[in-house]
*Asks:* 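First the structure, which I've put down as structure tokens, then a few questions once you've had a look.
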Number of protein chains: 2
Amino acid sequence: MKNQLTHAIEDYLKAIYALSVEGEAASTTALAAELNIAPASVTGMLKRLAETTPPLVEYRKHRGANLTPDGERAALEVIRHHRLLETYLHQSLGFPWEDVHEEACRLEHVISEAFEERIDAVLGHPTHDPHGDPIPSPNLVMPQEASIPLSTLRPPQVTTIQRVNANDADLLRYLDEKSLVPGSKLEVRAFSPFDGNLTISIEGAEMVVGPAITHHIFVEEED
Amino acid sequence: MKNQLTHAIEDYLKAIYALSVEGEAASTTALAAELNIAPASVTGMLKRLAETTPPLVEYRKHRGANLTPDGERAALEVIRHHRLLETYLHQSLGFPWEDVHEEACRLEHVISEAFEERIDAVLGHPTHDPHGDPIPSPNLVMPQEASIPLSTLRPPQVTTIQRVNANDADLLRYLDEKSLVPGSKLEVRAFSPFDGNLTISIEGAEMVVGPAITHHIFVEEED
DNA sequence: ACACTAATTTAGGCAAGACTAAACTTTATT
DNA sequence: AATAAAGTTTAGTCTTGCCTAAATTAGTGT
Ligand SMILES: [Mn+2]
Ligand SMILES: [Mn+2]
Ligand SMILES: [Mn+2]
Ligand SMILES: [Mn+2]
């Protein structure tokens, strides 16, 4: 059962997990883009992943890939490592939040279960990483949470930032400066049609933010 | 200058460093034993390491390998990572000292300079790892320290444990139990010829230890 | 000097993971 | 339904890092 997965395989599984939300298969090109690998290479790897014992993905030519239960478990294990590491790097080692992803992406493949347990304990069993993404439980269940893009809100509206979905370090640094981080309360004051700008007030300050930003910020869902 | 070294290469350089104390070249077999790799494979790697730009080792057929200045710098960088990590795992994350080596051996190849600096700062710039080995300075100078095997002492003698040289986890666990760790003061009370046993008192307790143990314990040198 | 042994190298192979170029499907457009 | 565009797969190569078996070299004792 405990077959040693390579770093490469773990990254593939993680990417497939991320791209196959809602049961949709992850396409070859999407994976290639996500992983920065040529599409041809992805095809090769998907075939291998579908033929391991036990198979880690279900793969149909030209249709893309889905994780098998085994594959999903392996993916969640890596994601748990990743998110715990991000949290640890940020909270305990003082890494700026825009830097944690890259470091965690290397460490995630290498830490032992003992390491995982220790940082989990030191952090007090956190439920979310610094970007607001939920951390899978020790028995690998991913908490299901609903949130909607800030870009879809219309004034007047008060809400709280749940999650920030961005990889670009510069954008993350900017968001941090403006307090556009998980936990921040904000009020949507105005909406401009055509350009989709929102006027919001957050932490006492008022600001206008365009869709290139509001698209990446997820807030609590209304009832 | 900053060529990306692979994990495998880093482990070779570290092993060559360890085996080539006093300028002696590291032999193929010794490296093979240290790295758990077939001698033939070691030969192949040594040739590659001697032909990189810049060369990392100086290699002469049947004569073994020495590090070039570039190779030594790379080795010291990895050793610094390793020893800082061991210290961190032990002190900050509460890993038992017999487990830190294995974990550090994987992490050492993967942490960034930022990570290195953070844990160094959190630990207060430690000079020695949990086994008493000196940590190379940030600019990669290895402190030179003299110590002698406990097995060479003869009563009566009082000394302090400086360093423990062992990889076996069971032995390390045992030593820890008996307070045979760096920093412990001890008194050599008696020596048995033929079997080489030493009677020592440490932390109030008296005990007899054989050469299989005293060989691995290094104490401060007399003047 | 010679032969035996231990250490080392050579030769040939394999698996993982990547790439490019070319061929082929699927999907979208007209 | 025909065709163009986009997406995907096949085929062939490369590098890294390891392996085993066989050949060779160095070192030692006589
Ligand atoms: Mn990764
Ligand atoms: Mn884990
Ligand atoms: Mn290592
Ligand atoms: Mn470093």
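Throughout, protein chains are lettered first and strands after them, A, B, ... in sequence-line order, and every chain is numbered starting at 1. In this text, all values refer to a predicted model and were calculated from it rather than measured experimentally.
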*Asks:* How far apart are the C-alpha atoms of A:Asp129 and A:His90, what are their side-chain angles, what is the distance that settles it, and do they pass the side chain to side chain donor-acceptor pair (under 3.5 Å) test?
*Replies:* CA-CA 9 Å; A:Asp129 77 11; A:His90 189 53; over 6 Å; no
*Asks:* Near DNA chain D, under 4.0 Å by heavy atom, which residues of residues 58-66 of chain A?
*Replies:* A:Tyr59, A:Lys61, A:His62
*Asks:* Look only at the side chain of B:Arg83 and the backbone of B:Ile135, and say whether a donor-acceptor pair between them is shorter than 3.5 Å.
*Replies:* no
*Asks:* Should B:Lys14 and B:Glu108 count as an ion pair when the cut-off is N to O under 4.0 Å?
*Replies:* yes
*Asks:* With the threshold set at under 4.0 Å for non-hydrogen atoms, list the residues of residues 36-43 of chain B touching DNA chain C in residue-number order.
*Replies:* B:Pro39, B:Ala40, B:Thr43
*Asks:* Work out which heavy atom in B:Ala166 is nearest to a heavy atom in B:Leu171; give both atom names and the distance.
*Replies:* CB-CD2, 3.8 Å
*Asks:* In chain order, what residues pass the ring-ring contact (aromatic ring centres under 6.0 Å, His included) check against B:His101, with sequence neighbours excluded?
*Replies:* B:His82
*Asks:* Measure the shortest side-chain to side-chain distance between A:Glu113 and A:Glu77 over non-hydrogen atoms and say whether it is less than 4.5 angstrom.
*Replies:* yes
*Asks:* Quick one, which residues of residues 101-109 of chain A touch DNA chain C with a heavy atom under 4.0 Å?
*Replies:* none
*Asks:* To the side chain of A:Lys47, which of D:dT16, D:dT9, D:dT10 is closest?
*Replies:* D:dT10
*Asks:* Does a side-chain N-to-carboxylate-O contact under 4.0 Å join A:Arg173 and A:Asp176?
*Replies:* no
*Asks:* Starting at CG of B:Leu19 and ending at C1' of C:dA7, how long is that distance when rounded to a whole Å?
*Replies:* 15 Å
*Asks:* Round to a whole Å and report the spacing from CG of B:Leu56 to P of D:dT16.
*Replies:* 13 Å
*Asks:* Answer yes if the side chains of A:Asn139 and A:Ser137 hold a donor-acceptor pair under 3.5 Å, and no otherwise.
*Replies:* yes
*Asks:* Take the protein atom CG of B:Leu35 and the nucleotide atom P of D:dG17, then report the distance between them rounded to whole Å.
*Replies:* 12 Å
*Asks:* Respond yes when some side-chain nitrogen or oxygen of A:Thr28 is under 4.0 Å from OP1 or OP2 of D:dT9, and no when none is.
*Replies:* yes
*Asks:* Determine the sole option in B:Glu98, B:Glu86, B:Arg163, B:His216 for which the side-chain hydrogen bond (donor to acceptor under 3.5 Å, both in side chains) test with B:His131 is passed.
*Replies:* B:Glu86
*Asks:* How many whole angstroms separate atom CG of A:Leu46 from atom C1' of D:dG7?
*Replies:* 14 Å
*Asks:* Please list, in numerical order, the residues of residues 6-14 of chain A that have a heavy atom closer than 4.0 Å to any atom of DNA chain D.
*Replies:* none
*Asks:* Any side-chain heavy-atom pair from B:Tyr17 and B:Leu13 closer than 4.5 angstrom?
*Replies:* no
*Asks:* Do you know which of A:Leu35, A:Val57, A:Thr6 makes side-chain contact (heavy atoms from CB on, under 4.5 Å) with A:Tyr12?
*Replies:* A:Leu35
*Asks:* A:His81: what forms a ring-ring contact (aromatic ring centres under 6.0 Å, His included) with it, not counting sequence neighbours?
*Replies:* none
*Asks:* Check the distance between C:dC19's P and A:Met45's CE and give it to me in whole angstrom.
*Replies:* 11 Å
*Asks:* Would you kindly give the CD-to-P distance between A:Gln4 and C:dG17, to the nearest whole Å?
*Replies:* 12 Å
*Asks:* Take the angle between the ring planes of B:Tyr88 and B:Phe115 and call it parallel below 30°, perpendicular above 60°, tilted in between.
*Replies:* perpendicular
